[in-house]
Amino acid sequence: MSVIVYIESNENRVKKTSIEAAFYAAETAKLLGTEAIAIALGSHDAAELEKLGNVGISKVLHDSNVKFDQFDTRAITKAIVAASTSVNADVVVISYNQNGKAIAPRVSVRMKAGMVAGATALPYTSAGFTVRKNVFSGKAMANVQILTEKKVIALTPNTLQKVVGVNTSTIEAFSTGVSDADFTTVIKSVEKVTGTVSLTEAELVVSGGRGMKGPENWGAIEELANEMGAATACSRPVADVHWRPHHEHVGQTGFTIRPNLYIAAGISGAIQHLAGVNGSKVIVVINTDLEAPFFKAADYGVNGDALVVLPKLVEAYKKFKSASH
Amino acid sequence: MKILVPISKVPDTTAKIAFTDGNTKFATDNVTFILNPTDEWYALVRALEIVEKEGGTVTVIHQGAAESEQFIRKALAIGATDAVRIDAEATDAYQVAHNIFEYAKDKSFDLVITGKETIDYNGTQIGGMIAEMMDIPYVTLASKLDIENGKAIVARDIEGGKEIVEIPLPCVIAAQKGMAEQRIPNMKGIMGARTKSLTVVASAGEALTTISSFELAPQKTACKMLSPDDMDELVRLLHEEAKVI
């Protein structure tokens, strides 16, 4: 028996969401008294894979077939299941990031393994095998018991505080046996913003709503995000009128995020918006309207005009940064 | 083009969430149910737009008891050709996906379009599960879908942007915002929906998971209000008290 985790890299670095999933797999393996093994497909930097030892991975199986770099959910599923079978894995851990959402349900079917979609805690193994997840857009949690011997856990990003040690994983060349005919997805083009912090991976997020009054005022949000190393986000109305691109939209119909800190400037906090951000550890709300529902979900509130408050917050943060360095 | 659109019913976004039977069941009393937004607004409407252009049919399929036929009739009023109801309450995603697969496997659908997730259990599972059962390609978090030369051209989310991919038909697509705009059924649609075909089939699917209990999310403690002129204090609290910076 073992626990296996699927690892992805982006621009030669193992994704932060994959490192979290690896840590989760290692902790689950400890609970089950076994080892955690990783499966990596396509192009990866070997030194990066070795570093998975730091979060408790003993061995990385690597199929370096570059065809895997084209994200084909069917081929990747076959490969993950082949690796799981070869190491006799009972638990498969996959980050529920954009790619994981496509793969984990497929792996569940292929292994006939019960799946928890969006786990937010380690499994309880005292009676049965139960994993907690958020339901009703974060308004409640469900404890989901997996009834099958094989299990798939799709982990919500930013869930566990990881403990990092200093160990090196061994890397083993592995052939998943996936044939060329299994690849049917062709990537035509990629539109990607580089050099900024990815929203779904971000620990700090600065977000703006209609209270920002216009796209020309976003400089203050970008400056604060830049100073803090945060990602930028926005509310739905702002994305709908094209003040900001849709890939920044958080909320029920946009992204669900769980950063450590979410700063909402000029966002009233409609229930649909809260559904996307209520998993944030700490929420700061800046709004002129003291009756804005967002204050009820906030940890810290500032009753004022975001256009006036944000520059002051930027100055205060700069002062804090220079004092702490 | 033959398209299948699985539709789900969910509690309205503003519904009060509570549980009964020792926190093992969702309390449905006084809860208004709606068609799952991403199924209705994006998956169904895009399916209709595709058959309006290419010709073909859109079948909606729903798993639920007889009282959920009102949601199926709404989908028919919006424009679906016909409908199927799997006569059982949904237990887990695998069971629902398996039932949809059992119905669809010998019907030669070119496309299955689902919403990206339901707003109750937030799983994003059904589409991927159906795709694997059928052993066909799958793209999720899709914000654009066009059919060109018998292939699906799909825009999907990746970290920090989008990727345009081409996959052969048949395939499964899970749709999100950007795919289409909500359509309100008109009187002609509502009248026509009454006579459209609705087939009822039995459930054969099995569940692989069960919810042993629910808990409400912990309430936030009162928000600490700070003066707009004292952002140094906010930064201090974020550092020393909340420890997030």
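Every chain is numbered from 1, with letters handed out A, B, ... down the list of sequences.
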Worked check of side chain to side chain contact (heavy atoms under 4.5 Å, CB included) between B:Asp157 and A:Phe255: CA-CA 10 Å; B:Asp157 282 351; A:Phe255 286 113; 3.5 Å; yes
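- No donor-acceptor pair under 3.5 Å is formed between the side chain of B:Tyr94 and the backbone N or O of A:Lys112.
- At a 4.5 Å heavy-atom cutoff, the contact between B:Val235 and chain A is made by side-chain atoms alone.
- Distance check: B:Leu238 CG to A:Leu204 CG gives 9.5 Å after rounding to the nearest 0.5 Å.
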CA sep, side-chain torsions, deciding dist, call: B:Glu159, A:Lys192, salt bridge (charged side-chain N to carboxylate O under 4.0 Å, His left out): CA-CA 8 Å; B:Glu159 282 97 347; A:Lys192 201 166 159 183; over 6 Å; no
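- For a residue to count as touching a neighbouring chain, one of its non-hydrogen atoms must lie under 4.5 Å from one of that chain's; by this rule B:Ala155 does not touch chain A.
- B:Leu208 has its side chain out of reach of A:Leu147: every pair of non-hydrogen atoms, C-beta onward, lies at least 4.5 Å apart.
- Ion pair B:Glu132/A:Lys78 not flagged as a salt bridge, since none of the NZ, NE, NH1 or NH2 atoms sits closer than 4.0 Å to an Asp/Glu carboxylate oxygen.
- Within the 4.5 Å cutoff, the side chain of A:Thr253 has no heavy atoms near those of the B:Gln176 side chain.
- When each of A:Leu290, A:Leu199, A:Thr184, A:Ile271 is checked for heavy-atom pairs under 4.5 Å with chain B, A:Thr184 comes out on top.
- Ranked by heavy-atom pairs under 4.5 Å with chain B, the list A:Gly229, A:Pro105, A:Ala231, A:Gly114 is led by A:Pro105.
- Checking each of A:Lys319, A:Lys312, A:Glu315 against B:Met231 for a side-chain contact (heavy atoms from CB on, under 4.5 Å) leaves exactly one that passes, namely A:Lys312.
- Between the side chains of A:Asn143 and B:Ser213, a donor-acceptor pair is found at a separation under 3.5 Å.
- Interface summary for chain B: among A:Pro259, A:Ala142, A:Ala154, A:Gly304, the most heavy-atom pairs under 4.5 angstrom belong to A:Ala142.
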